[in-house]
Amino acid sequence: MCKIRAHAPGISLEVHPLFTEDMESDLRMQRYDLIIDMTQSGRSMLKSEVLYGEQVKVVCASNHPRLGSDLTVEAYFTEEHVALAQWQVRGSMITAEHLPQMANRNIVVRVPTAMEMLPIIACSEIIGVLPTSIINTFAGMYDVRVLPFPFEESVFSLSAIWHPSRTTEAGHRWLRQQLFEVVSELGLTTSIDQP
């Protein structure tokens, strides 16, 4: 917001959680100017550009009785999961669309933000998957342990997504440019922890 206010002090922004079941319709009807979400795979008429990629990790209670310092794929699927999801139909942050095996999880709790995930994880045997930036920012507030994501693919990207009718619109181009400049200034390129 500081960057936008410096360049355009009369502009105000509205930021909403992603509460939509039909991204294409909401963007076409201009209910949203743009959406930031996990990069969509598959065919879509929407335009998108990757903002950055981030590594995910598994979080469990520090005293979890079955999980040690490492996590196998088999153990991952044996546990109950809390998932980040705004809509039941969207499934979770990482879906079978991203990794086919995710359809095998036993999701027992769905929550709208990461802030609801961590207290559930800390006081139960339920595990969850979160981006490293969220873990680094908030995990110290809870008695949790971080484990490697037990799949080869552990970096997922977030994209700016918009309707193609807005691509050449001057104000929309400016907004996208500001967003990408902020991401660049924050150093949010693909974030992968080194072993």
Side-chain angles (χ1 to χ4, degrees), residues 1 12-42 44 46 48 50-62 64 76-77 79-147 149 151 153-163 175 179 182-183 186 188 191:
M1 185 65 197
S12 61
L13 293 178
E14 267 187 62
V15 178
H16 298 271
L18 186 56
F19 291 132
T20 180
E21 293 185 65
D22 188 351
M23 218 183 275
E24 286 191 25
S25 175
D26 285 344
L27 288 167
R28 185 180 72 252
M29 302 294 287
Q30 296 187 12
R31 290 185 191 108
Y32 303 110
D33 291 311
L34 76 96
I35 291 174
I36 299 172
D37 196 14
M38 298 274 295
T39 300
Q40 305 292 305
S41 59
S44 170
L46 298 174
S48 67
V50 173
L51 289 165
Y52 66 96
E54 188 165 20
Q55 189 171 39
V56 297
K57 298 210 173 172
V58 175
V59 182
C60 69
S62 63
H64 197 288
Y76 178 81
F77 287 118
E79 299 300 325
E80 293 181 324
H81 295 253
V82 56
L84 192 60
Q86 279 85 21
W87 288 95
Q88 182 78 11
V89 296
R90 296 189 69 225
S92 64
M93 180 178 75
I94 300 172
T95 67
E97 182 180 308
H98 302 101
L99 278 175
Q101 305 97 309
M102 291 298 107
N104 300 324
R105 280 182 300 175
N106 180 16
I107 298 174
V108 296
V109 180
R110 294 177 195 274
V111 297
T113 72
M115 291 308 295
E116 287 92 8
M117 286 180 73
L118 288 165
I120 291 168
I121 292 167
C123 69
S124 71
E125 295 178 9
I126 297 171
I127 66 173
V129 175
L130 287 167
T132 53
S133 63
I134 298 289
I135 293 168
N136 293 341
T137 303
F138 298 109
M141 299 166 66
Y142 301 95
D143 193 14
V144 295
R145 192 161 23 111
V146 179
L147 304 171
F149 191 58
F151 301 93
E153 185 176 359
S154 67
V155 176
F156 297 90
S157 58
L158 282 175
S159 289
I161 305 165
W162 66 94
H163 194 271
L175 177 62
L179 182 61
V182 167
V183 166
L186 292 174
L188 294 174
S191 165

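Hydrogens, waters and symmetry mates are skipped; everything else that's a heavy atom, side chains included, is used.
Here the straight-line distance linking atom OG1 of Thr132 with atom CD of Glu54 works out to 4.0 Å at 0.5 Å rounding. Rounded to the nearest 0.5 Å, atoms CG (Asp143) and OG (Ser62) are 3.0 Å apart. Taken from CG in Leu118 to CD1 in Ile134, the straight-line distance is 8.5 Å, to the nearest 0.5 Å. The line from CH2 of Trp162 to CD of Gln30 is 14.5 Å long, rounded to the nearest 0.5 Å. Put simply, CD1 on Ile36 and OG on Ser48 are 12.5 Å apart, with the number rounded to the nearest 0.5 Å. Atoms CZ and CD1, from Arg105 and Ile127 in turn, are 9.0 Å apart once rounded to the nearest 0.5 Å.
Using a 4.5 Å heavy-atom cutoff, the side chains of Leu179 and Leu34 are in contact. Considering only heavy atoms from C-beta on, Met117 comes within 4.5 Å of Leu130 through its side chain. Taking the side chain as every heavy atom from C-beta outward, Glu79 and Ile126 never approach each other to under 4.5 Å. The side-chain heavy atoms of Val50 and Ser159, taken from C-beta on, include a pair separated by under 4.5 Å. Proximity of Met141 to Pro119: side-chain heavy atoms (C-beta onward) are nowhere separated by under 4.5 Å. Looking at heavy atoms from C-beta onward, Tyr52 lies in side-chain contact with Leu158 at the 4.5 angstrom threshold.
Taking every heavy atom of both residues into account, Ile121 and Gly128 meet most closely at CD1-N, 3.8 Å. Of all heavy-atom pairs between Thr137 and Ser133, the closest is OG1-O, 2.8 Å. Residues Arg145 and Ala61 share a closest heavy-atom pair of NH2-O, 3.6 Å. The shortest heavy-atom contact between Val109 and Val111 is CG1-CG1, 3.8 Å.
Proximity of a side-chain donor or acceptor of His81 to a complementary backbone N or O of Tyr76 within less than 3.5 Å is detected.
The ring-ring contact (aromatic ring centres under 6.0 Å, His included) search around His64 returns none, not counting sequence neighbours. Listed by chain and number, the residues in a salt bridge (Lys or Arg N to Asp or Glu O under 4.0 Å) with Glu125 are Arg66 (sequence neighbours excluded).
Tested against Glu24 for a side chain to side chain contact (heavy atoms under 4.5 Å, CB included), the candidates Asp22, Leu27, Asp26 yield a single pass: Asp22.
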**Derivation and outcome, side chain to side chain contact (heavy atoms under 4.5 Å, CB included), residues Leu46 and His163** = CA-CA 5 Å; Leu46 298 174; His163 194 271; 4.1 Å; yes
